[in-house]
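One is the number of the first residue; the rest follow in order along the sequence.
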Amino acid sequence: MSAEYIALMNVAARIARQAGDLVYAGRRAGAGTVQTKSSATDMVTEWDAASEQLILQQLDLLRTDDSIIGEEGTHLVGTSPYTWFVDPIDGTTNFLYNLSGYAISIAACIGAEPIAAAVFLPATRELFVAAQGHGAWLGSTPLRVSSCESLDTALIGTGFSYSSARREAQGQRISRLLPQVRDIRRCGAAAADLCFVACGRLDAYFEEGLQSWDLAAGQLIASEAGAKISNFSGEPITPSEVLVSTPGIHSSLIASL
């Protein structure tokens, strides 16, 4: 299946670039129509919908028999073994505020297991890709996680919930963790953070309450770059609890979290 996985990776990369170009051009003209979803701070723009529609159309053209699940409501059931998880703009708040840290995230999965992925950051023109068993890449550069082995020198990424009650609990965890690490970053897009672990810009990333479309592509890219992935207890990763780190600090982070 290796050749198939690489082909799927190339499909994801091609479409992610196209969607990224669309939303980047759209943002230059303004964020457009903005609505809210789960809370007043959980926003969706007209470009989220436009990006998902473009991705849907391209997948329908290139991968007619596959299933597709997208953040903005797409749920198509196909006949092949593959399901695409699509986040048309991961980091919509960044997009809305014209910050650079938003991403297009596309992954092909068999069940819940990602086997091909692309994450494109439109503002920086960076394309991260991976195929299961074949490594992860930023452009033509193979990716490898950092060599960090000590929590006190580790730069850690995280994210916060839209729920104020959950954010309060997350703040308490951060206050306990912060004295133990080099520093903490909150970049605002899970897919980008996972890629930053893959390329060594972060030594680890953790978050609660993600969705499958947030996680799938970045999880594969980080894993193929050598990251260790789990939930907060060291058990298999799920969107509800995500811990991805360089191997040298993984057990220390589990103890701290």
Side-chain angles (χ1 to χ4, degrees), residues 6-34 43-63 66 68-74 84-109 114 116-131 136-141 143 157 159 187-199 201 205 210-222 224-225:
I6 292 172
L8 291 169
M9 178 189 77
N10 289 332
V11 168
R14 171 182 169 182
I15 298 174
R17 275 192 178 277
Q18 290 176 328
D21 289 343
L22 174 74
V23 302
Y24 184 71
R27 187 60 189 84
R28 291 180 67 184
T33 303
V34 181
M43 295 160 293
V44 59
T45 74
E46 64 181 83
W47 296 107
D48 293 78
S51 176
E52 185 156 315
Q53 187 61 31
L54 182 151
I55 295 167
L56 177 62
Q57 290 171 348
Q58 290 299 307
L59 286 174
D60 185 54
L61 179 66
L62 299 171
R63 301 291 309 179
D66 298 348
I68 308 172
I69 297 174
E71 181 182 14
E72 304 311 329
T74 298
W84 294 87
F85 287 92
V86 172
D87 195 335
I89 301 180
D90 186 29
T92 297
T93 301
N94 285 343
F95 178 82
L96 181 63
Y97 280 80
N98 205 20
L99 297 170
S100 61
Y102 60 93
I104 315 299
S105 177
I106 303 176
C109 300
V119 173
F120 183 57
L121 280 60
T124 58
R125 315 302 300 165
E126 292 179 304
L127 178 65
F128 297 84
V129 298
W137 303 77
L138 171 54
S140 60
T141 303
L143 299 181
C187 301
D193 284 335
L194 291 161
C195 291
F196 294 164
V197 174
C199 68
R201 297 178 192 173
Y205 163 77
L210 297 180
Q211 301 292 336
S212 296
W213 49 75
D214 299 313
L215 177 61
Q219 172 187 334
L220 180 64
I221 292 165
E224 287 293 318

To the nearest 0.5 Å, what is the distance between [atom1] on [X] and [atom2] on [Y]?
X	Y	atom1	atom2	result
Ile89	Leu22	CD1	CG	8.5 Å
Ser105	Trp213	OG	CH2	11.5 Å
Asp87	Gln211	CG	CD	9.5 Å

Minimum heavy-atom separation for [X] and [Y], please, with both atom names.
X	Y	answer
Ala117	Ala12	C-CB, 4.2 Å
Phe120	Ala16	CD2-O, 3.5 Å
Ala189	Gly101	CB-O, 3.4 Å

For [X] and [Y], indicate whether the former's side chain and the latter's backbone hold a donor-acceptor pair under 3.5 Å.
X	Y	value
Asp90	Ala191	yes
Asn94	Gly91	no
Glu52	Thr74	yes

Report yes if some heavy atom in the side chain of Arg14 is under 4.5 Å from a heavy atom in the side chain of Gln58; otherwise report no. yes

Could you tell me whether the side chain of Tyr102 reaches within less than 4.5 Å of the side chain of Leu121, counting heavy atoms only? no

Could you give me the CA-CA distance, side-chain angles and deciding distance for Phe128 and Cys199, then say whether side chain to side chain contact (heavy atoms under 4.5 Å, CB included) is met? CA-CA 9 Å; Phe128 297 84; Cys199 68; 4.2 Å; yes

Please evaluate residues Gln57 and Asp60 with respect to the criterion side chain to side chain contact (heavy atoms under 4.5 Å, CB included), reporting the C-alpha separation (whole Å), side-chain torsions for both, the decisive distance (0.1 Å), and the verdict. CA-CA 5 Å; Gln57 290 171 348; Asp60 185 54; 5.7 Å; no

Does the pair Arg201/Asp193 count as a salt bridge with the N-to-O cut at 4.0 Å? no

Salt bridge or not for Arg27 and Glu46, using N-O below 4.0 Å? no

Derivation and outcome, side chain to side chain contact (heavy atoms under 4.5 Å, CB included), residues Val11 and Arg63: CA-CA 9 Å; Val11 168; Arg63 301 291 309 179; 4.3 Å; yes

Would Thr92 and Asp48 count as a side chain to side chain donor-acceptor pair (under 3.5 Å) here? Give the steps. CA-CA 8 Å; Thr92 297; Asp48 293 78; 2.8 Å; yes

Walk me through it: do Ile55 and Trp84 pass the test side chain to side chain contact (heavy atoms under 4.5 Å, CB included)? CA-CA 10 Å; Ile55 295 167; Trp84 294 87; over 6 Å; no

Val129, Val119, Leu138, Leu194 screened by side chain to side chain contact (heavy atoms under 4.5 Å, CB included) with Ile221, the one that passes: Val119

